[in-house]
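All chains are named by letter (A, B, ...) in the order of the sequence lines, taking the proteins before the strands, and each is independently numbered beginning at 1.
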Amino acid sequence: MFDWKWDFVWEIMPRLLVATGNTLLAAGAGYAIAIVLGLVFALAQRGPSRLLAFVVRELVEFIRSTPLLLQVFFVFFVGPQFGIRLSPWTSGMIAIGLHYACYLSEVYRGGIESVPRGQWEASTALNMSTIQTYRRVIIPQAIPSSLTGMGNYLVGIFKDTPMLSVIGVAELVHTANAIGSEHYRFLEPLTLVGLIFLAISLPAAGLIRLLEGYVRRKLGM
Amino acid sequence: MTQSFDHPLEITGTPPPMVSFRNVCKAYGSLVVLDNLNLDINAGEMVSIIGPSGSGKTTVLRMLMTLEQINGGVIYVDGKPLTHMPKHGKLVPANQRHLRQRRVDIGMCFQHFNLFPHMTALENCMEGPVQVLGMRKPEARARCEELLEMVGMIDKKDQHPSRLSGGQQQRVAIARALAMRPKVMLFDEVTSALDPEVIGEVTEVIRKLVSEHNLTMLMVTHQMGFARDISDRVCFFYGGKIEEQGPPSQIFGNPERERTQQFLSAVREAI
């Protein structure tokens, strides 16, 4: 029935493991960008400048309403027409980081809005500046309620890294595809890629849940 | 609403009133909450504000803490404008910088305590001195431990608010406000959210403040007995105005206005 070849599995494993490293790197770097940029987007939407808040709001809506694949293509292929020539990796990180920054900014916004107004008032009564209030009072309390969403998007960004294969980032799906084309065998590489994704996603989700509990306890909530 | 009054750049006097509301108006849309409020509070004075709900009592404190913007008039603290700042010899609405400079004189305690839940009692108290006043941690710790001792919370200093009762949280909140060394302390219904049996521990702390410290205090309260005991002056608010004010003996013993009499007899019946 299945023509599964273990020899072939062992032969291609090293390449797939290197590609796993690339996938993790892409997901990690993209997530790092998204985490920071997402906070910038969330705060900009609450900042004093109405114009900036409007522009960021529309940008977030626009990016959330269009496919990631299109954005990846756009950065990589349309960029050069405007003189912005970026490597596949750089383009990929920008596209996926920006995309997930928009989703994370909504998570942060929800978290920030869940902090009771009395916390702002107590901060004002202590004469804290807006920045001090965010840094010391609001964001530490927004983190626990944001963790679930942040964890979901970490797994999400990991599963979306194959999108970068279309512009030639040598992550798992790209590598499996290349192996398949070279050997005219797709069963083993693609199955293995699926199993690798599963083997990383499932424990990651569990770990995130553990981390959530830990942070909540740490913050005394 | 926005009649133009000539407000001075500074209130002179020896000494000037610690807090001075001059023609202050506050409205939410078409709902007028405070209508041309004039109120002076002297240094070291303890003033209680009583009145039915919706009479604007809490708004008075919130405006003074700059939690609410005012729609007209000027509030002065220690003779200098709080809500406004001088510019080309005239008063203009204050910017954030001015507010931060002037707010240092005022501290406030809230009905729902509003302690920072992710910090211990001691950390709550140290937050302002360290972050805002730039005090060194050992010095801030010493000051805050002394204050927690004063409010009887020193043995709980390393507890998070979630582990403290309402009365304990409110006492920590008082210590936290005092750690900033304000000249004026505002108490906004600080016992209203408390279980009856712990109200005493909070009022005890406020009594201690009145007798041992020369703070200027403004308190909104529903506890008439407490207001009568410790106030130098009681203001009865009705419909966004001061209906009647005077020493507690007059307001509680022999109120002149009918509305004051009605309010007080209604409150007494409730007890």
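- Looking at L67(B), only its side chain comes within 4.5 Å of chain A, counting heavy atoms on both sides.
- By the neighbour-count criterion of 12 heavy atoms within 6.0 Å, atom CZ of R207(B) is densely surrounded, having more than that number from other residues, nucleotides or ligands.
- Counted within 6.0 Å of CZ on F77(A), heavy atoms from surrounding residues, nucleotides or ligands total more than 12; the atom is thus considered enclosed.
- Put simply, the side chain of Q131(B) never gets that close to the backbone of Q132(A): no donor and acceptor are under 3.5 Å apart.
- Annotation for E58(A): atom CD counts as buried by contact number, over 12 foreign heavy atoms lying within 6.0 Å.
- When side chains are defined from C-beta on, P117(B) counts as touching Q119(A), because their heavy atoms get closer than 4.5 Å.
- With values rounded to the nearest 0.5 angstrom, M108(B) atom CE is found 12.0 Å from L126(A) atom CG.
- When the shell of 6.0 Å around CZ of R57(A) is examined, it contains more than 12 heavy atoms from other residues, nucleotides or ligands.
- Residue N127(A) holds its CG atom at 9.5 Å from CG of D105(B), rounded to the nearest 0.5 Å.
- Contact annotation for E127(B): only side-chain heavy atoms (C-beta onward) come within less than 4.5 Å of a heavy atom of chain A.
- For chain A, no part of L186(B) is nearby; none of its heavy atoms comes within less than 4.5 Å.
- Within 6.0 Å of CZ in R141(B) there are 12 or fewer heavy atoms belonging to other residues, nucleotides or ligands.
- Residue L31(B) places its CG atom among more than 12 non-hydrogen atoms of other residues, nucleotides or ligands, all under 6.0 Å distant.
- Note on R176(B), Q96(B), Q111(B): by heavy-atom pairs under 4.5 Å with chain A, the leading option is R176(B).
- Closest approach of A122(A) and F110(B) over heavy atoms only: CA-CE1, 3.8 Å.
- When all heavy atoms are compared, the tightest approach of V132(B) to M128(A) is CG2-CG, 3.5 Å.
- In this structure a side-chain-to-backbone donor-acceptor pair under 3.5 Å is missing from R103(B) to A125(A).
- For the set Q159(B), M180(B), R100(B), the entry with the most heavy-atom pairs within less than 4.5 Å of chain A is R100(B).
- Using a 4.5 Å cut-off between heavy atoms, M65(B) touches chain A through backbone and side chain atoms alike.
- Residue contact with chain A, scored on non-hydrogen atoms closer than 4.5 Å, is absent for R163(B).
- In plain terms, the two heavy atoms of H118(B) and V137(A) that are nearest each other are CE1-O, 3.7 Å.
- Surrounding CD of E61(A) are more than 12 heavy atoms belonging to other residues, nucleotides or ligands, all under 6.0 Å away.
- With a 6.0 Å radius and a threshold of 12 heavy atoms from other residues, nucleotides or ligands, R85(A) has its CZ atom at or below the threshold.
- Heavy-atom distances place no part of T130(A) under 4.5 Å from chain B, backbone and side chain included.
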